[in-house]
Structure formats: structure tokens, C-alpha cells
Amino acid sequence: MSGDSLTLAPVDGDRSPSTGAGPQIIVVLTDQQRWDTTGVHGNPAGVTPEFDRIAREGTLFEHAITPNPVCAPARSALQTGRFPTASGVFRNGVRLPDGVPTLAGACAASGYTTGYIGKWHLAGEDGPDGPVPRERRGGYERWLASDRLEFTSDAYRTVVYDEGGEPVRLPGYRSDALIDAAIRFVADHHDRPYLLFVSLLEPHHQNPTDDHPAPTGGRGRFEGAWLPPDLAALSPAAPQGGAHRHLAGYLAQIRRVDEGVGRLRDALRSLGTEDRTLLAWTSDHGSHFRTRNGEYKRSGHDASVRVPLAITGPGFTGGGLVRHPVSTVDLMPTLLDVAGVTVPDGVQGRSLLPLTGGRQDPGRAPSVLVQISEDRVGRVLRTARWTYVVDAPGADAWNEPDAGEYRETELYDLEADPHQLDNLAGLDSHRTVADGLRAELLRWLERVEEVRPEIVRAAPRPAGQRRAESFPGTVPWEGVRFGHRPGRRAETAAGRP
């Protein structure tokens, strides 16, 4: 085993240093991190000071949505800029196909050194948990990873595999060990353009023990911490303890990741490369802690599909807050846009750059699409206000990526019910809203999946006093005088014509 492969350092044949080229690019990907674990999204527990700093200095995407709340499909979208049904990776266990253009391939063709550290989960179920053959690495050149890292490591024993497929032991807490490797990479490549993808396992649960192993002493800091309202409402009925059992360890994992990203950014400052390094932090999907189904994700609720996304560096420093809903399928073309690299044909995402600095992107849809797979074939339309969910009854969800018929199952008004606790599907009062969302979802499916399935309306339910809009439509508003101004009768009594 060579020291070069252990540290992902340059080896003979690497391109020579290049200055004045495109920016250096780092992506930090967490696994199963909810959007509301961050301070900038309102979490008062003090979990993410570094993420919050990135968001304040750079650009925060308030409504960032995964294209699929399952590991491998979400990861395929990040690498290809295609929705999971278009890349072919519609569920876990499906390998990233040969011939699909990737982020790493496009960057490498434009002179970038590319490196990958951590969890891959795109090599396919026919391969081992750890080593990934070179032809299944999505075009990454430097490599220190496991395909399914949760099965080659625990909190303090991390084994990953180098470019030759040999096991490498990394000491320390797992996220620290991977961040340490990332710091070595940026030091060794600080004088040339590079793409580094750092894919952490935290805060995913440890599968064999179904817990969230925190750093020693870290869990106590968050015992009894603030519970997001959806978890406070639903966790008492959740199997195996729900969030009450898991949240302290989960938040402690994220806190340690946050500290690690701070160390990584310190390294950039030390090297003098911070200003020319684009750093993006996001997650593959969220976690509802078994409050919506029997496991952690695979639902259309924000707890599953909404993720943190903040970017700083060239093009994004000072970009402010973006409220428009976006998808993480947009990240791949965004990075290529910033790097000045041609976006490959077939990419379905759209660069986020036009949204920064308070600008608008007139060609961007007002909604995002989510595909749900494995235990159900579902589709979700997420707008700034509404979550609209359809499912395919009787579909073979493990083997069928899509369906010819769906049925409306859920509708949530995020203004009145931001934690998605009141399902409005079928209410007579919301039929017009649902029909508009149904039409928008069909447009998405025609564009992304090249199909136009049937969507069967939910069985009607009486609405009672419920309405989609809070102000009564029969009461006039425009043209009605303000209360502090005298009425016509008062004016007549005062002798004014």
C-alpha cells in the first residue's frame, strides 16, 4: 500500500500545477441530515455554528429538496445531474451505469484533479461493501472510500479502500478521520484546480445496532434538546423509541461534523486558497425517525426530503438567502457552471447561480419533483406552499422505477401546517388547489420521465369550514375605505359634498 493512495496525494502522471484556472471545489455530503438541525433554519441547540457561518457568508437555499429520499438514488443525482429514473439508479443496490456523464468525468476532462473520500453507495449490490472497482467510481481519480461505509466502520474504527482496492485503517472518530484525509488532499493539491467530494456517514444510524453513536461525551450535551414540532407530535407513537431515543446522539454526530468542516476551512485559510475554493454542504436526504413509516426516510414529508444546502466561495459569497424551492439535482450543473465546464447532454438539473444575490431565474419551475422508491412507487411535488403526494397502488416498488397510474394520497399546506401534520387530500375545499398541483406534477413527469401517467383524484371528503385561503372570498377588500378615514355618511353630515 503506497502513502500516495493513503493520502490521495499527487502521483506520477498527475497534471502539473495550474494557477489562474477554475476554482477549487469541495462538496461535503452528510447522510440523513434534516434541514432543521441547523441554526440558520431555527434550531436553537447550537449544533452547527460552522454551517451557519457558511450560510451567512455565502448563499443559503431555504427550500432545498432531494430528488429521492433514499441513499443511492439521491447520490446518483448529485453525481450525474439526472433524476434517479434517468440515471437508472432508482433504488439502493443499482450501480451507476457506464456511459452516463458524471461530475468527476466532466471536471477531469477540463483539467481538474478529482478525489473522493468516504461513502460511495453507487457500485451496485453485486459488489462487496468496501472496495469499489475503478470502473465503478464515477470517474474519480484519487480514491479513499467504501461503497457502503456503514458496513466497513463504526464510530471509532474506520476502514476504507484506496485506489488499489486495499483496506486502509483511519484512526479517530469516523467523521474526523475522513475530514483529516480531506485536509491532506487539499494540502497536496492546493496549487491546482481540484474537485474533492467528501461523503460522510454521519448522522446516519449505525445499522447493526440501530443507534447514532456520538463522539465520547457528546451525547450529553444534547439530551433533552429542542425537538422539531413534527417529532414532538409524532415520536411518542413511533416504534423503537423514535426521536426521543435517537436525537441526542444524532445531533452530537452533526456537531462533530460541523467542527470538522471548520477545521477543513481553517486548512484552506492556512493555504491561502479559501477565496478561490467553492465549498458546498448538503445531505442526501433527511430523517423522520420512524414517525411517518417503519424506518427513517422514504416519505414525501419535509423530514425526509428537505435538506440543508449552503454554498460559499466564487459565485456564492454574499449570495444571500434563496427562498425559491430548488433540488439537489441542480448541484452538479451548478458546480460545472462555476468551473466554466460544459454541462454534458442529458443533465436535467439547472444551475443555481442565477438565483444568487436576490436575482430570479425566469426559466426555473416554481416547484421541484421528488421520486420515492423501494417500499413504494411515489411522486411528490413540492412548492413554496404545498406538498402534493401520489402513490402507485400495487406497484412492485423494488423492481419498477415508475408506474402508469398513481393515486393522490397526501396534500399539505405549508403556510398553515408547516410540519405536515394535517393531510388535506380529498377535501372539497382544496380540489382546485390539488388539480393545479396535479397538472404541474404531470408536466414534470413528461419532462423528466417522458411519460404521462394517470393520476386518480383522492376520494372526496366534506370540508366543513375549511378553505384553501384564509380570507373569505365573499368579503370585499380592494376599494374598501380604511378605518381611519371618514365614511360617506360622516362626510355628508359634516357638510362636505
Is it true that [X] and [Y] make a salt bridge, defined as a side-chain N closer than 4.0 Å to a carboxylate O?
{"X": "D176", "Y": "R256", "answer": "yes"}
{"X": "D126", "Y": "R136", "answer": "yes"}
{"X": "R290", "Y": "E295", "answer": "no"}
{"X": "R263", "Y": "D266", "answer": "no"}
{"X": "R134", "Y": "E163", "answer": "no"}

Any heavy-atom pair between the side chains of [Y] and [X] that's under 4.5 Å?
{"X": "V100", "Y": "D98", "result": "no"}
{"X": "Q371", "Y": "V448", "result": "yes"}
{"X": "T48", "Y": "V257", "result": "no"}
{"X": "I372", "Y": "N68", "result": "no"}
{"X": "L278", "Y": "Q24", "result": "no"}
{"X": "V322", "Y": "H63", "result": "no"}
{"X": "Q33", "Y": "P308", "result": "yes"}
{"X": "D337", "Y": "V343", "result": "no"}

(request) Tell me, with the steps shown, if E57 and R265 meet salt bridge (charged side-chain N to carboxylate O under 4.0 Å, His left out). (result) CA-CA 13 Å; E57 295 173 358; R265 296 187 73 203; 3.0 Å; yes
Taking [X] for its side chain and [Y] for its backbone only, find out whether a donor-acceptor pair lies under 3.5 Å.
{"X": "D330", "Y": "S327", "answer": "yes"}
{"X": "N293", "Y": "K297", "answer": "yes"}
{"X": "E374", "Y": "N92", "answer": "yes"}
{"X": "T37", "Y": "R34", "answer": "yes"}
{"X": "S146", "Y": "V159", "answer": "yes"}
{"X": "T356", "Y": "L353", "answer": "yes"}
{"X": "R174", "Y": "E202", "answer": "no"}
{"X": "S304", "Y": "G300", "answer": "no"}
{"X": "Q348", "Y": "A86", "answer": "no"}
{"X": "D129", "Y": "T152", "answer": "no"}

(message) By the definition side chain to side chain contact (heavy atoms under 4.5 Å, CB included), identify the one residue from V380, L381, V370 that meets it with V389.
(response) V380
(message) Please identify which of these residues, L264, I25, L268, meets the side chain to side chain contact (heavy atoms under 4.5 Å, CB included) condition with T277.
(response) L268
Can you tell me if [X] and [Y] form a side-chain donor-acceptor pair at under 3.5 Å?
{"X": "H205", "Y": "H212", "value": "no"}
{"X": "Y140", "Y": "Q79", "value": "yes"}
{"X": "T113", "Y": "R192", "value": "no"}
{"X": "Q253", "Y": "R219", "value": "no"}
{"X": "T158", "Y": "S153", "value": "no"}

(request) Test D36 against R306 for salt bridge (charged side-chain N to carboxylate O under 4.0 Å, His left out), laying out the working first. (result) CA-CA 9 Å; D36 57 7; R306 190 173 174 187; over 6 Å; no
(message) Using the side chain to side chain donor-acceptor pair (under 3.5 Å) definition, which of the options Y388, W386, W444 pairs with S367?
(response) W444
(request) Please lay out, stage by stage, how H190 and V186 fare under the test side chain to side chain contact (heavy atoms under 4.5 Å, CB included). (result) CA-CA 5 Å; H190 72 279; V186 301; 6.0 Å; no
(request) Assign the ring pair Y116 / W120 to parallel, tilted or perpendicular, where the plane angle (0 to 90°) is split at 30° and 60°. (result) perpendicular
(request) State which residue, out of D284, D147, D31, fulfils the salt bridge (Lys or Arg N to Asp or Glu O under 4.0 Å) condition with K119. (result) D31
(request) Verify the ring-centre separation between Y412 and H419: is it less than 6.0 angstrom? (result) no
(message) A quick test of your reading: do over 12 heavy atoms of other residues, nucleotides or ligands sit less than 6.0 Å from CZ of R359?
(response) yes
